[in-house]
Amino acid sequence: MLPDDRQSRIVLRCGFARDRPSGGLRYPRRVPVRVRFAPSPTGFLHVGGVRTALYNWVFARQSNGVFVLRIEDTDDERNREEWVTAIDESMRWVGLDWDERHRQSDRAELHATAAERLIASGRTYWCDCTRDAVDARAKERGGPPGYDGHCRELDKGPGPHTALRFRTPDDGETVVVDVVRGEPTFPNASIEDFIVVRATGKVMFVLANVVDDMDMAITHVIRGEEHLPTTPKYLLLWDALGGGERPVFAHLPVIVNEKRQKLSKRRDPVALELYRDEGYLPEVMLNFLALCGWSPPGDQERFTIDEMLALFRLEDVGKSPGFFDVAKLRAFNGDTIRAMSVEEFTDRAQPWLTGALAPWPADVYDADVFAAMAPLVQERVAVLSEVPGMIDFLLRDEVTIDDGDWEKAVKPDGVAQLLDELLVAWADVTWEHVPDEREPLKDTLFSIGEGLGLNKKRTQAPVRVAVTGRSVGPPLFESLVVLGRERTLERLRAARARL
RNA sequence: GGCCCCAUCGUCUAGCGGCCUAGGACACCACCCUCUCAAGGUGGCGGCACGGGUUCGAAUCCCGUUGGGGCUGCCA
């Protein structure tokens, strides 16, 4: 949390990144804080992006700063309007609200003006080398790939197939002041003369980025680590455009898959909406994503957004890549579901029961049936999309019997007789099950099983499979009471006939 | 290839020179509970990549090695 001196609304002195006696990274803490999350609408919002957005959002909120959502939609080839909507929806779903929202495509004029200023400054030159020519020359001289400065002194003017390059310094170095990484330093000689304006006249990503950050008075650039290598270019442009005090950077560790590679939209299941539809809870996603790169002091792992607001410090963000561990996410989600009141659980499961995500036609659902089963279902699901599968045998007229389960549970010797006796006994037993008190259903079943030398597991298994279709599910006797005597006996008879 | 980044149980992490015989969580295993599956309870397995320094003392600081990753587009 920022101290009270934020009120001064001026640029503050440097502070210590950590309260360690041995000192630490010094970085300016400017106020008022203005941060931005800048996704490009080339696909759904992915979990790594949400993590970045979250850190930005928290950082802004805890210092009374401004959180800017900037849609970087300057790549006509890949942008789609529907993805813009998807980003907004995803952001809303997890509750990350923005104070300002901009479309980079609306700002082309500003970018063009900046490009002109760059040209006027003499720091750029025109180049009409094709990619192939650049590669060919690199290959020829046997040097590293990349642009060789071919057109530097050729004094070419703008024209078709001609792009504008920024002339990088030949010596010196550019250091990035980074709250999480220290001060990565790049020799300027290793930075090639990069393109800032395409032959089409459109400015490139770095330039647009710099111009917008400058114009929006961004104080802290919090983004993925993959942007670190382009940061020196950013800084060179920032200075060339006279941006004044540079923003402070925080390059967040990448999130990787099980193969330790950066999460990719193409090969990994990373769309936030995927998790939403599967029944992961937004607060759990946020908690889990917060942990991808940061952890509160001590052993605490579960926290609310308010707790995170109180505890989060950018300088405590870790440096090493983190694996997106869905198993752990599931565990978190299950715990959170179990911690809910039954009312809340019922409420939040509705999309999968009666909404667009429900696996059955609207008239199949019966709220009374669900109400009777809810507490039992609640402690058995890890994600909400598993809810309908727990009770479908109670709602549908037909049960689909799992072949594997049938073989294992119903085929064994003695089951036929078990079913025969059960059909008789359950025909007039009191149809109720009150654990620890009256358990007529249970008692009759197990005494028949016992008489046939079947243990409890083997006794309940065939009944479960005959009635529910599967060998796993919610507690049997409670389910039977909801199902009712007639339908239960009907299914038992069907199973007996099938044997 | 070049530049940059990273390195504690299988995974995510705590650790900020002595509280470390390295703590927690997820996963896994065993047992208990039990009508199945879960949940819950108890216990267990399991780690400071390697090599040099610095220091009375290093998981912690420095250097190197190795390993992993990112970037290297007229994409963002």
Side-chain angles (χ1 to χ4, degrees), chain A residues 18-22 24 38-42 72-75 77-79 104 127-131 138 142-146 161-165 176 178 181-182 184-187 189-192 194-200 202 204-206 208-209 224-232 251 253-254 256 258 260-262 288 291-302 318-325 327-332 334-335 338 376-382 390 405 409 442 445-446 449 455-461 463-465 468 470-477:
Chain A
R18 311 190 131 195
D19 304 316
R20 57 206 295 190
S22 53
S40 57
T42 56
E72 306 221 325
D73 55 347
T74 51
D75 182 358
E77 302 285 300
R78 304 195 308 156
N79 290 157
Q104 199 164 51
C127 166
D128 59 357
C129 296
T130 61
R131 185 73 220 171
H161 313 297
T162 304
L164 188 71
R165 286 186 186 271
V176 179
D178 191 302
R181 269 153 222 288
T185 302
F186 300 76
S190 73
I191 309 168
E192 66 172 30
F194 56 96
I195 291 176
V196 286
V197 180
R198 288 177 254 188
T200 59
K202 285 204 134 182
M204 292 286 289
F205 158 70
V206 250
N209 223 241
E225 184 190 0
E226 65 270 21
H227 293 286
L228 186 52
T230 66
T231 307
H251 284 100
V254 290
V256 299
E258 58 289 332
R260 309 253 93 211
Q261 295 165 315
K262 190 176 84 165
F288 181 73
L291 251 11
C292 290
W294 174 79
S295 65
D299 289 333
Q300 189 186 356
E301 254 189 344
R302 314 298 178 92
K319 290 197 264 276
S320 43
F323 170 52
F324 189 76
D325 190 355
K328 189 159 181 166
L329 212 210
R330 268 184 72 85
F332 270 42
D335 285 349
R338 261 172 262 120
L376 303 173
V377 172
Q378 186 176 0
E379 63 177 30
R380 283 173 174 74
V381 297
M390 300 287 296
D405 289 347
K442 179 180 178 180
L445 174 63
F446 288 129
N455 65 24
K456 287 184 169 182
K457 280 194 182 192
R458 291 177 56 203
T459 301
Q460 62 89 38
V463 178
R464 181 181 291 280
V465 172
T468 73
R470 293 178 293 267
S471 59
V472 300
L476 185 59
F477 305 106

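Proteins come first, then strands; the chains are lettered A, B, ... in the order of their sequence lines, and each starts at number 1.
- Each of B/C35, B/C12, B/C5 was ranked by its minimum atom distance to the side chain of A/E301; first place goes to B/C12.
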Nucleotide by nucleotide, nucleotides 67-75 of chain B touches protein heavy atoms under 4.0 Å in the pattern (B base, S sugar-phosphate only, - none) --SBS-SBB
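- Separation of the P atoms belonging to B/U54 and B/U72 is 42 Å when rounded to the nearest angstrom.
- Taking atom P in both B/C9 and B/C50, one finds a spacing of 10 Å when rounded to whole Å.
- Using a 3.5 Å distance cut-off with no hydrogens or angles, the side chains of A/D178 and A/H251 do pair a donor with an acceptor.
- If you take CD of A/Q300 and P of B/C26, they are 14 Å apart, rounded to a whole angstrom.
- For A/K328 and B/C9, the NZ to C1' distance is 12 Å, given to the nearest whole Å.
- Computed from coordinates, the A/R464 CZ to B/A38 P distance equals 12 Å when rounded to whole Å.
- Straight-line distance between the P atoms of B/C33 and B/U42: roughly 15 Å, to the nearest whole Å.
- Per the geometry, CD belonging to A/E258 stands 16 Å off C1' belonging to B/C26, to the nearest Å.
- The distance between atom CG of A/D325 and atom C1' of B/U11, rounded to the nearest whole Å, is 5 Å.
- Place A/R380 and A/N79 on RNA chain B by their nearest nucleotides, and A/R380 ends up nearer the 5' end.
- Taking atom C1' in both B/C61 and B/G24, the straight-line distance is 26 Å, to the nearest Å.
- Across all strands shown, B/U54 has no partner, as no Watson-Crick or G-U wobble contact with both distances under 3.5 Å is found.
- Between the side chains of A/N209 and A/E72, a donor-acceptor pair is found at a separation under 3.5 Å.
- Residue A/K456 places at least one side-chain N or O closer than 4.0 Å to OP1 or OP2 of B/C35.
- Base pairing analysis places B/U11 opposite B/A25; the two distances defining the Watson-Crick or G-U wobble pair are each below 3.5 Å.
- The nucleotide B/C75 finds no pairing partner, because no Watson-Crick or G-U wobble arrangement with both distances shorter than 3.5 Å includes it.
- Residue A/K457 has no polar side-chain atom (N or O) positioned under 4.0 Å from OP1 or OP2 of B/C35.
- Of the charged side-chain nitrogens involved, none lies within less than 4.0 Å of a carboxylate oxygen, so that A/K319 and A/E225 do not count as a salt-bridged pair.
- Look at the P atom in both B/U11 and B/C5: the space between them is 24 Å, to the nearest Å.
- Distances shown here put a side-chain N or O of A/S295 below 4.0 Å from the OP1 or OP2 atom of B/A14.
- Taking atom C1' in both B/C62 and B/U55, one finds a spacing of 12 Å when rounded to whole Å.
- Under the 4.0 Å criterion applied to side-chain N and carboxylate O atoms, A/R464 and A/D405 are not assigned as salt-bridge partners.
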Atom pairs under 3.5 Å, N or O on each side, protein against nucleotides 42-45 of chain B: can you list them with distances?
none

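- Nearest-nucleotide positions on RNA chain B for A/T185 and A/F332 put A/T185 closer to the 5' end.
- Of all nucleotides present, only B/C6 satisfies the Watson-Crick or G-U wobble test against B/G67, with each distance under 3.5 Å.
- Of all nucleotides listed (B/G40, B/U13, B/C26), B/U13 comes nearest to the side chain of A/S320.
- In this structure B/A59 sits in no base pair that meets the Watson-Crick or G-U test at under 3.5 Å.
- Computed from coordinates, the A/F323 CZ to B/C12 P distance equals 8 Å when rounded to whole Å.
- Whole-Å rounding puts the A/M390 CE to B/A39 P distance at 12 Å.
- For A/L376 and B/C37, the CG to P distance is 16 Å, given to the nearest whole Å.
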